*Asks:* 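Submitted below is the structure of interest, expressed as structure tokens.
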Amino acid sequence: MLLCIDTGNTNTVFSIWDGQKFLAHWRISTDHRRTADEYFVWLSTLIAVQKFELQINACIISATAPRVVFNLRVLCNRYFDTRPLVVGKPDCALPVAPRVDTGTTVGPDRLVNTVAGYERHGADLIVVDFGTATTFDVVDFDGAYVGGVIAPGVNLSLEALHMGAASLPHVDVTRPPRVVGTNTVACLQSGIFWGYIGLVEGIVTQIRQERQRPMKVVATGGLAPLFDQGFDLFDAIEDDLTVHGLRLIHDYNKEMGNV
Ligand SMILES: Nc1ncnc2c1ncn2[C@@H]1O[C@H](COP(=O)(O)OP(=O)(O)O)[C@@H](O)[C@H]1O
Ligand SMILES: CC(C)(COP(=O)(O)O)[C@@H](O)C(=O)NCCC(=O)O
Ligand SMILES: [K+]
């Protein structure tokens, strides 16, 4: 069984692949201070609840927060007796190399999204990931990551408004009934909801114009469905896109004899 670990800046997803399907997806808040032992206690509890026998013999990690990698490596070594593949490290090969400026370190989550998106949807694709940041990852004709866009994340924008403006409360992201809000909460929700609809539409249109070709758009991340309500922004929404990509990259490295 393969353990796929996707660490975003806010949450970390652990997914178990049994060779045919994902048996479970578990989520824990990202904290670089969390030790290998803490991860294992948490994992063991969830495994016990699910009542399946876990035989992990391979691990792959994507970490946008580099400081978490140390403890995750210890987890894999100590508890699963395996050396994990870490996306972005030299010993983890990608099916197609990214084409970006020399010296740029692309977020591993974006590379993984690219691999997964290309496998499922083919070339000329934009992957939109609603995480801590909202990222747009552009996939070229041959599956290469060729750059994209990084915009502030939905919750981060709301949090920034709340922190910077004394009279603005924290609000949940939702689609407000009207564009013109008649109270503070409704005004904030409108700004975020319609602002993001505009942001996604605008950026996708600009990318298509710049590249002068049709491009499919696939969205992932917990908030993707919220922004899809009747707007036809996305050709597909896929919750499991990043962990699917991790599995593909692990398989590829296995074929190459790297693991
Ligand atoms: N279904 C959801 N509804 C509301 N907020 C969500 C949902 N899923 C994720 N979020 C929020 O979106 C933000 C990004 O979450 P996540 O996708 O886990 O980010 P990352 O991958 O950067 O860690 C977080 O603030 C999280 O609480
Ligand atoms: C853009 C990101 C912050 C997104 O991270 P996330 O929202 O998934 O936590 C991450 O991919 C990152 O740190 N990237 C490095 C710079 C780059 O991708 O070009
Ligand atoms: K993201």
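Excluded from the calculations below are hydrogen atoms, water molecules and symmetry mates; all remaining heavy atoms, backbone and side chain alike, are included. First listed ligand is number 1; within each ligand, the first listed atom is number 1. What you see is a predicted model; the values in this text were computed from it and never measured.
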*Asks:* State whether the shortest distance between N or O atoms of Val106 and N or O atoms of ligand 2 falls below 3.5 angstrom.
*Replies:*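 Among all N and O atoms of Val106, none is under 3.5 Å from an N or O of ligand 2.
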*Asks:* Do the non-hydrogen side-chain atoms of Val86 and Cys92 ever get within less than 4.5 Å of each other?
*Replies:* no
*Asks:* Out of curiosity, Leu75 CG to Glu38 CD, how far, rounded to the nearest 0.5 Å?
*Replies:* 11.5 Å
*Asks:* Can you confirm whether the side chains of Thr7 and Thr30 place a donor and an acceptor under 3.5 Å from each other?
*Replies:*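 No - no donor-acceptor pair under 3.5 Å links their side chains.
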*Asks:* If you count the atoms of ligand 1 from 1 in the order shown, which ones are under 4.0 Å from a heavy atom of Gly131?
*Replies:* 14 (C), 17 (O), 19 (O), 22 (O)
*Asks:* With heavy atoms only and a cut-off of under 4.0 Å, state how Asn155 meets ligand 1: side chain, backbone, both or neither.
*Replies:* side chain
*Asks:* Arg34 side chain to Ser29 main-chain N or O, any donor-acceptor pair under 3.5 Å?
*Replies:* yes
*Asks:* Could you tell me which atoms of ligand 1, counted from 1 in the order shown, lie closer than 4.0 angstrom to a heavy atom of Arg27?
*Replies:* 18 (O)
*Asks:* With no hydrogens and no angle check, do the side chains of Asn113 and Thr242 hold a donor and an acceptor under 3.5 Å apart?
*Replies:*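 On atom types as modelled, these side chains qualify, holding a pair under 3.5 Å.
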*Asks:* Return a yes/no value for Thr135: is any of its N or O atoms, backbone included, closer than 3.5 angstrom to an N or O of ligand 2?
*Replies:*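 By distance alone, the answer is no.
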*Asks:* Just jot down the ligand 1 atoms closer than 4.0 angstrom to any heavy atom of Phe130, in number order.
*Replies:* 17 (O)
*Asks:* Can you list the ligand 2 atoms lying under 4.0 Å from a non-hydrogen atom of Asn9?
*Replies:*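 That gives atoms 3 (C), 5 (O), 6 (P), 9 (O) of ligand 2.
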*Asks:* Taking a cutoff of less than 4.0 Å between a non-hydrogen atom of the residue and any ligand atom, is Asn9 in contact with ligand 1?
*Replies:* yes
*Asks:* Would you mind listing which atoms of ligand 2 come within a distance below 4.0 Å of any non-hydrogen atom of Asp109?
*Replies:*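 Every atom of ligand 2 under 4.0 Å from some heavy atom of Asp109: 4 (C), 5 (O), 6 (P), 8 (O), 10 (C), 11 (O).
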*Asks:* Evaluate Thr132 for polar contact with ligand 2, using N/O atom pairs at a separation under 3.5 Å.
*Replies:* yes
*Asks:* Report the relative orientation of the aromatic rings in Phe193 and Phe227; use parallel for angles under 30°, tilted for 30 to 60°, perpendicular for over 60°.
*Replies:* parallel
*Asks:* Is the gap between the ring centers of Phe14 and Tyr39 under 6.0 Å?
*Replies:*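 Yes, they do, as the ring centres are separated by less than 6.0 Å.
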*Asks:* Look at atom 20 (P) of ligand 1 and find which of Thr132, Thr220, Leu223, Leu158 reaches it with the closest heavy atom.
*Replies:*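 Among Thr132, Thr220, Leu223, Leu158, the closest heavy atom to atom 20 (P) of ligand 1 belongs to Thr132.
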*Asks:* For a 4.5 angstrom cut-off between non-hydrogen side-chain atoms, does Val204 reach Leu233?
*Replies:*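 Side chain of Val204 against side chain of Leu233, heavy atoms only: no contact under 4.5 Å found.
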*Asks:* Check each heavy atom of Thr104 against ligand 2 and say whether those closer than 4.0 Å belong to the side chain, the backbone, both or neither.
*Replies:*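 Under 4.0 Å from ligand 2, Thr104 contributes no heavy atoms.
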*Asks:* Consider every N or O of Gly8 and every N or O of ligand 2, then say whether any pair is closer than 3.5 Å.
*Replies:* no
*Asks:* Can you tell me if CG on Asp240 sees more than 12 non-hydrogen neighbours from other groups inside 6.0 Å?
*Replies:* yes
*Asks:* Do Ser15 and Arg247 meet the criterion of a side-chain donor-acceptor pair at a distance under 3.5 Å?
*Replies:*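 There is no such pair between these side chains.
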*Asks:* Hey, which atoms in ligand 2 end up nearer than 4.0 Å to a heavy atom of Thr64?
*Replies:*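 Selected atoms, number and element: 5 (O), 9 (O), 10 (C), 11 (O).
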*Asks:* Hey, which atoms in ligand 2 end up nearer than 4.0 Å to a heavy atom of Gly131?
*Replies:* 7 (O)
*Asks:* Under a heavy-atom criterion of less than 4.0 Å, does Thr134 contact ligand 2?
*Replies:* no
